[in-house]
Amino acid sequence: MLGPSFFARPPLVCARDLIGLDLVWGPCHGRIVETEAYSAIGDEACHTFSRKSTRDFLKRHTPGTAYVYLNYGMHWLFNVLVKGGGGDQDGFVLFRALEPTAGLARMRRRRGNATDRALCAGPGRLTQALGIDERVHGRDLCGSGTHGIVESKSPKPAVLADLRIGITRSAELPWRFLAADSPFVSVRATARAQKL
DNA sequence: TTCCAGATCTTA
DNA sequence: AAGATCTGGAAC
């Protein structure tokens with residue numbers, strides 16, 4: 001299980017390094033194939049830009065804490081707090097897509113029997129498949145043996161950096177990270193995606 | 001492939 | 001009162 005030191009690094013580094021690792025959520029497991037970085041400094045799309053409550057959350061919690069919120073009134077979105085040091089390297093990583101590897105029957109039940117490819121392809125679908133909601137907000141992802149992130153046996157995939165999805169502010173930043181060639185991402189890489 | 005409703009929270 | 005890190009279904 002990854003410890004707090006993994007999350008004591010800047011959002012861009014964490015978001016990139018999470019690609020290819022395994023998210024373990026009770027009996028449900030999945031390989032992380034898509035993330036986005038959000039920075040507390042210089043990023044108007046980060047909740048810290050407009051929300052005092054999020055700035056307070058960042059101050060009061062340790063790296064590796066889950067940050068979960070409701071979007072568009074109906075989708076839970078699952079992030080992890082990262083603190084790269086000094087306050088100017090802090091932020092969040094949003095989990096956007098998984099390649100499901102275990103507990104697929106359970107995920108299908110929660111997802112209305114979606115196809116395997118659509119089970120966790122998208123931040124709202126991912127939380128629905130895993131049963132993540134407000135109860136997970138503030139939970140330490142480094143503190144249990146059953147809910148967190150582990151190294152994967154399979155080799156690290158090639159990683160691409162592309163524009164983030166669905167945002168209007170700071171939309172030009174290439175802070176979405178994807179496993180190249182994975183069919184389990186929510187939106188495939190565009191022509192301007194950069195190899196890392 | 002494109003469009004749009006749906007439902008709730010936070011902030012201004 | 002406005003806008004939001006989205007999804008599924010319907011219309012083309």
Side-chain angles (χ1 to χ4, degrees), chain A residues 7 10-16 18-19 23 30 32-61 65-83 90-100 107-139 141 149 159-179 182-193:
Chain A
F7 303 101
L12 288 170
V13 175
C14 290
R16 181 193 67 207
L18 282 167
I19 301 296
L23 176 61
I32 299 167
V33 295
E34 184 180 346
T35 60
E36 281 178 358
Y38 289 84
S39 174
I41 300 292
D43 178 12
E44 297 191 17
C46 188
H47 274 188
T48 51
F49 182 76
S50 55
R51 291 156 89 134
K52 180 177 191 306
S53 56
T54 305
R55 292 192 290 273
D56 291 343
F57 182 94
L58 194 151
K59 266 184 245 169
R60 290 171 189 167
H61 291 84
T65 301
Y67 177 79
V68 179
Y69 68 95
L70 187 64
N71 191 38
Y72 292 110
M74 56 186 81
H75 306 293
W76 294 104
L77 269 59
F78 179 39
N79 304 254
V80 60
L81 172 64
V82 306
K83 300 178 98 165
D90 299 345
F92 298 90
V93 176
L94 170 67
F95 293 99
R96 286 193 58 91
L98 305 177
E99 173 182 344
M107 298 192 213
R108 276 187 214 107
R109 216 174 304 137
R110 296 197 184 103
R111 290 271 303 121
N113 292 316
T115 63
D116 289 359
R117 213 173 61 71
L119 228 38
C120 300
R125 292 165 168 181
L126 184 156
T127 55
Q128 188 180 31
L130 298 180
I132 289 173
D133 58 23
E134 76 274 20
R135 293 170 301 180
V136 175
H137 186 57
R139 179 167 181 166
L141 300 182
I149 293 151
V159 179
L160 300 175
D162 203 351
L163 299 183
R164 295 179 291 185
I165 303 292
I167 61 170
T168 54
R169 297 165 158 182
S170 299
E172 74 287 356
L173 300 172
W175 286 4
R176 181 169 74 111
F177 298 91
L178 319 77
S182 173
F184 295 94
V185 299
S186 67
V187 177
R188 283 217 277 294
T190 65
R192 61 171 289 171

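Residue numbering restarts at 1 for every chain, and letters A, B, ... go by the order of the sequence lines. Heavy atoms only: backbone and side chains are in, while hydrogens, waters and symmetry mates are out.
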Output all residues satisfying ring-ring contact (aromatic ring centres under 6.0 Å, His included) with A:F49, sequence neighbours left out; order by chain, then residue number. none

Please give, in whole Å, the distance from [N] [atom2] to [X] [atom1]?
X      : N      : atom1 : atom2 : result
A:R96  : C:dT7  : CZ    : C1'   : 12 Å
A:R111 : C:dT7  : CZ    : C1'   : 8 Å
A:L94  : C:dC6  : CG    : C1'   : 11 Å
A:D133 : B:dT8  : CG    : P     : 15 Å
A:H47  : C:dA4  : NE2   : P     : 10 Å
A:L70  : B:dT11 : CG    : C1'   : 16 Å
A:N113 : C:dG8  : CG    : C1'   : 15 Å
A:R51  : B:dT10 : CZ    : P     : 7 Å

Once you apply a heavy-atom cut-off of 4.0 Å, does [X] come out as touching a base, just sugar-phosphate, or nothing?
X      : answer
A:R169 : nothing
A:S53  : sugar-phosphate
A:I167 : sugar-phosphate
A:R164 : nothing

Record whether the side chain of A:Y69 comes under 3.5 Å of the base of B:dT10 through a donor-acceptor pair of N or O atoms. no

Nearest to the side chain of A:R125, heavy atoms from C-beta on, is which of B:dG6, C:dT7, C:dT5? C:dT7

Closest to the A:H75 side chain: B:dG6, C:dT5, B:dT10? B:dG6

Are A:Y72 and C:dT7 stacked, counting the six-membered base ring, centres under 5.5 Å, planes under 30°? no

Interatomic distance at C1', C:dG8 relative to B:dC9, whole Å: 22 Å

C:dC12 to B:dA5 separation - P atoms, rounded to the nearest Å: 14 Å

C:dA4 phosphate, OP1 or OP2: any side-chain N/O from A:T168 under 4.0 angstrom? yes

Straight-line distance of A:I149 CD1 to A:F95 CZ, nearest 0.5 Å: 3.5 Å

Test your reading of the model: is there a side-chain donor-acceptor pair from A:H61 to the backbone of A:F57, 3.5 Å cut-off? yes

Any donor-acceptor pair under 3.5 Å from A:R96 side chain to A:P123 backbone: no

Can you see whether [X] engages [Y] through a side-chain donor-acceptor pair at a distance of less than 3.5 angstrom?
X      : Y      : value
A:E34  : A:S186 : yes
A:Q128 : A:R110 : no
A:T54  : A:Y67  : yes

Does A:R108 come within less than 4.0 Å of A:D116, counting only side-chain N to carboxylate O? yes

Secondary structure of DNA chain C per the Watson-Crick/G-U criterion (both distances under 3.5 Å; [ ] crossing, | other strand, . unpaired) is ||||.||||||.

